[in-house]
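As structure tokens, the structure follows; a few thoughts come after it.
A, B, ... follow the sequence lines: proteins, then strands. Residue 1 opens every chain.
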Amino acid sequence: MKTPSIFKAVNGLGLLLLFIIFAMPFVWMASTAFKTLGETLTFPPVWIPETLQWENFTQAWNSGPFLKYFFNSVIVTLFILILQFATIIPAAYAFARYNFPLKNFFFALTMICLMIPSQLIFLPVYLNLSSWGILDTIWGLILPFVTSAFGIFLLRQSFMQVPEELLEAARLDDATEWQIIRKIMLPLAKPVLVTLALFSFIAHWNDYFWPLVMTTTDTARTLPLGIAMLRQVEGGASWNIVMAGNLLLVLPILVIFFFAQRHIIRAFVYTGVK
Amino acid sequence: MALIKASMGMERRAERRSLVSWANVRPYAMISPAIVVFCLFFIYPIGYMIYLSFHDWNFVSPTKEFVGTANFTHLLSDRDFREVIVNSFIYTFASVFLTISISLMLALWLNRRGAIYSFMQASIFSPHIISLVSVSMLWMWIMDADYGLLNWALNLIGIESIPWLTSPDYALASLILVAVWKGIGFNTLVFIAGLQSIPKDLYEAAELDQTPPWRRFLRLTVPMLSPTLFFLTIIGLINSFQVFETINLMTAGGPINSTNTFVYYIYQNGFQFFKIGYASAAGVILLVILSVLTVIYFKVLSKRVHYR
Amino acid sequence: MAEIRFENISKTFNEDRVVKNISLTIKDGSFTVLVGPSGCGKSTILRMLAGFEKQTEGDIWIGDKLVNDLSPSKRDIAMVFQNYALYPTMTVKGNIEFGLTNRKVPKKEREQLVGEIAGIVGLTEHLNKKPDKLSGGQRQRVALARAMVKKPKVFILDEPLSNLDAKLRTQMRTELIQLHEKLGTTFVYVTHDQVEAMSMGDEIIILNHGVVQQKAAPIDVYENPGNIFAAEFIGQPPMNVFERSAFAGTLDGLPEEAHYIGFRPEHAGISSTSASVPHTIELESEILALETLGAETIYKVKNRIGVMNIRSFAAPLPKNASCFVTIPFEKLYPFGADKTAGPGLDLSVKKEAALNGVD
């Protein structure tokens, strides 16, 4: 049979092309990060630098208070994660398991907030934060995200799937509502919790827009902002330093992605299909 | 006996009061942290933005002057803003159309078992989890007119270098290209999930009926995939209307306003020109557009639920 | 110690009255079965007893405690749920222990109790497994163990065997009966299966449309059904019941009050030849259909009274053959105009009917 082998060849070629389109930019980033300034300014480009310029990384790191940026990023992301879980879990449980007056109203309110993007309302929020005097602090980066309408929505779905019998059994077993949540609901909702954590972590670790708008000095700036500023610091020419900085930002996420690939893809796709 | 009963009754009532009242308050206590945050950071700002859109304010002056609909009439007669609208629509529809159609083809192609296919799925997904800062800077460097990778590749196949980000003719298209590159992976994987949720027995039945493949695709795959298609289109439109990061980092709205879009325009007017009322009015227009899309989404969604 | 009393209990769900003014006493230490078709209110009664639903009217007493306003956990009851409701993320041990831990029973005592109960239900080797690794019967046992470990005054079992296959169900039935004998606690058992009710209960409460139809020992329910519903609900196939008029010309001299006449399929005889036994109705019949079950045969026959089921232990007759059906007078059950078997319409009536019968 001849057709299958031709088909196989075309298919393989297509896959290779696709791989080049998506992987080459990262290879290019890594390659540039190790070049000398001169090597970035040759055309046609060189792929493998003559000597690996490790000092590009130290130069990038030292061009601003990157340790501070890094800590800000860690603190902001961590606080958002913890506080989101602290607010999402009780709210999702109440929406899923209790009946109370105005429940539908409050749930509709939550759904409306699910639809409001931060890119739309940054200006009035900025004015609010400024009048409360928390502009340019890490609280300005944390507070607007201490809950997530999306998280409440997703977790509520998951809580609603737990059969009522199980809760009745637990109530007969003298379990308090808090014990029911902790010992029965949360273990059952573990996949959704992992999804939410991954989703939230990646979104806020990478976030550039909100820190850009809400910070004016280095006290609260985060890593993505610091990396973005490399271009301005270096006068816009030194691509090797910029790429070294970006590699530092991208590598941890890519490493996590490499190890938790299935989880992360499932998390994102699941939230897409829901 | 009567005494015992009476005292029991009292005990009963007391227990009921304490039990019932906490049980009544508890749900509100549990949702209140979330609701407070929603009100402070979502609901109130929306109202405040609408309020500001009818006022003139420069952020420092102590008074906000009521100007009626002046901000809106001014906006609509502003040539820059008209360009912003046109740019936003071109950017949004082009990037969504391209992303969705390419993703659908890739999904049909890559929806196969085997290590190589899962590896490819992961590869095309990887840009989705990378910070937009890095995506933007990487592509700025790739699209560099003199030393960029893209022009080198074009030269290899005999095409002249293109001033990707520095010419008003190409800049918007370049941004669309980046959006498509970043968005394809996510869309493809959602499509694949949609394909995999189509029951296998439908295909088996079609095979027994000797349905030709193209007909199977049109009559079976497309209708079964239409909810996914619809979802991705609407979410894509809503997200693309809010594009900001790549524009801010790669072109700053230029050259000559050719890549200025909604959110960047609001940002410019608010934070560079301090025209708060004016920026808010632009925000209100964006709010209207996004609301329309959202309403369409839910309308169709509820209809589909009815059909099932 | 734990007699259960329902006093004028009613339950209304959105205008829909599912339980209608029921007063009942469930004897201490009894194995009482609530049985009835779906929607008869048996589950609602059970859930009110457990405290998951609140009755609209009336009082519920468990022992000498009025439990109307007590939360489920304070009622001294334990429940076995239809789908077992085992905590899926906990081990067998964790499941059994959960209630004890919540009640802050000391660890040592807990270990001892769990070990003891696990031994009784035969789960000792499975204590560290998760429920999804167990078979249906084992899960059932975990659910029982979880209920037993609390040493409750009342056991409530909500269709606990409905998820088991036929063979296991029979086995668990016996085990439950033995368990009840061992514990001596009050068992309240809900089922829609009349065979389960008959074989397990020492008292049966038949419910329909939220009203108690009959409350008696199984054999009493069978021999003296309180009304037509009870008569038709218990027994397989159900009792044949005809209006009085169907017997005109066959059985005269029936007392005034007997508006309906019934007889059980197994009390009638079927034979290919006429035998003319005294005090017996004999009907020439045609066999419409038959089910051969091995030890017994169930016929559907047609005669001048109507279509009826006959259950016979004799060798099966051929289909479509004509035959003779005999019904002894003393096995006839008369029912009044309100479909109940009134006290005046008892055996004496049957005897009289037998004497006056045309033969």
Task: Which portion of B/Y51 sits near chain A, non-hydrogen atoms under 4.5 angstrom - done: neither
TODO: Please work out which of the three classes, parallel, tilted or perpendicular, describes the rings of B/W152 and A/W47, given edges at 30° and 60°.
DONE: perpendicular
Task: Contact origin within A/A228 toward chain B - heavy atom pairs under 4.5 Å - done: both
Open item on the list: Could you check whether atom CZ of A/F107 has more than 12 heavy atoms from other residues, nucleotides or ligands sitting under 6.0 Å from it?
Closed with: yes
Open item on the list: Could you tell me if the side chain of A/Q261 sits less than 4.5 Å from the side chain of B/Q121, heavy atoms only?
Closed with: no
Task: Part of A/I20 within contact of chain B (heavy atom distance under 4.5 Å) - done: neither
TODO: Flag the pair B/M30 / A/F95 as yes when at least one side-chain heavy-atom distance between them is below 4.5 Å, and no otherwise.
DONE: no
Open item on the list: Below 4.5 Å, heavy-atom pairs only: which of B/P33, B/G283, B/S134 has the largest tally toward chain A?
Closed with: B/S134
TODO: Kindly indicate, with the supporting measurements, whether the criterion ring pair (Phe, Tyr, Trp, His ring centres under 6.0 Å) is fulfilled by A/F100 and B/Y28.
DONE: CA-CA 8 Å; A/F100 50 93; B/Y28 299 103; 5.1 Å; yes
Open item on the list: I need the A/I265 CD1 to B/I192 CD1 distance, nearest 0.5 Å.
Closed with: 9.0 Å
TODO: Show the numbers, then the answer: is there a ring pair (Phe, Tyr, Trp, His ring centres under 6.0 Å) between B/F41 and A/F145?
DONE: CA-CA 9 Å; B/F41 293 103; A/F145 302 105; 8.3 Å; no
- [ ] Taking A/T147 for its side chain and B/A34 for its backbone only, find out whether a donor-acceptor pair lies under 3.5 Å.
- [x] no
Task: Separation of A/K103 NZ from B/I31 CD1 (nearest 0.5 Å) - done: 10.0 Å
- [ ] Pick one of side chain, backbone, both or neither for B/L249, based on which atoms fall under 4.5 Å of a heavy atom in chain A.
- [x] side chain
Open item on the list: Test your reading of the model: is there a side-chain donor-acceptor pair from B/W141 to the backbone of A/V242, 3.5 Å cut-off?
Closed with: no
- [ ] Look only at the side chain of A/N206 and the backbone of B/L132, and say whether a donor-acceptor pair between them is shorter than 3.5 Å.
- [x] no
Open item on the list: Using ring centroids (six-membered ring only for Trp), state whether A/F19 and B/F119 fall under 6.0 Å.
Closed with: yes
Task: Atom group of B/Y44 that falls short of 4.5 Å from chain A, counting heavy atoms - done: side chain
Open item on the list: Given heavy-atom pairs under 4.5 angstrom as the criterion, report whether the side chain, backbone, both or neither of A/L127 touches chain B.
Closed with: side chain
Open item on the list: Do A/L15 and B/I116 make a side-chain contact, defined as non-hydrogen atoms from C-beta onward lying under 4.5 Å apart?
Closed with: yes
Open item on the list: Within the structure provided, determine whether B/L40 and A/N128 are in side-chain contact (heavy-atom separation under 4.5 Å).
Closed with: no
Open item on the list: I need the A/I152 CD1 to B/I35 CD1 distance, nearest 0.5 Å.
Closed with: 6.5 Å
Open item on the list: With a 6.0 Å cut-off on the ring centroids, do B/F125 and A/F268 count as close?
Closed with: yes
Open item on the list: If I take atom CG from residue B/L290 and atom CD from residue A/Q119, how far apart are they, to the nearest 0.5 angstrom?
Closed with: 10.0 Å
Open item on the list: Which atoms of A/F258 are under 4.5 Å from chain B, going by heavy atoms: the side chain, the backbone, both sets, or neither?
Closed with: neither
- [ ] Could you tell me which of B/I276, B/V133, B/L52, B/V36 has the largest number of non-hydrogen atom pairs under 4.5 Å with chain A?
- [x] B/V133
- [ ] Could you look at B/F262 and say if it's the side chain, the backbone, both or neither that has a heavy atom under 4.5 Å from chain A?
- [x] neither
Task: Proximity breakdown for B/F244 and chain A, heavy-atom pairs closer than 4.5 Å - done: side chain
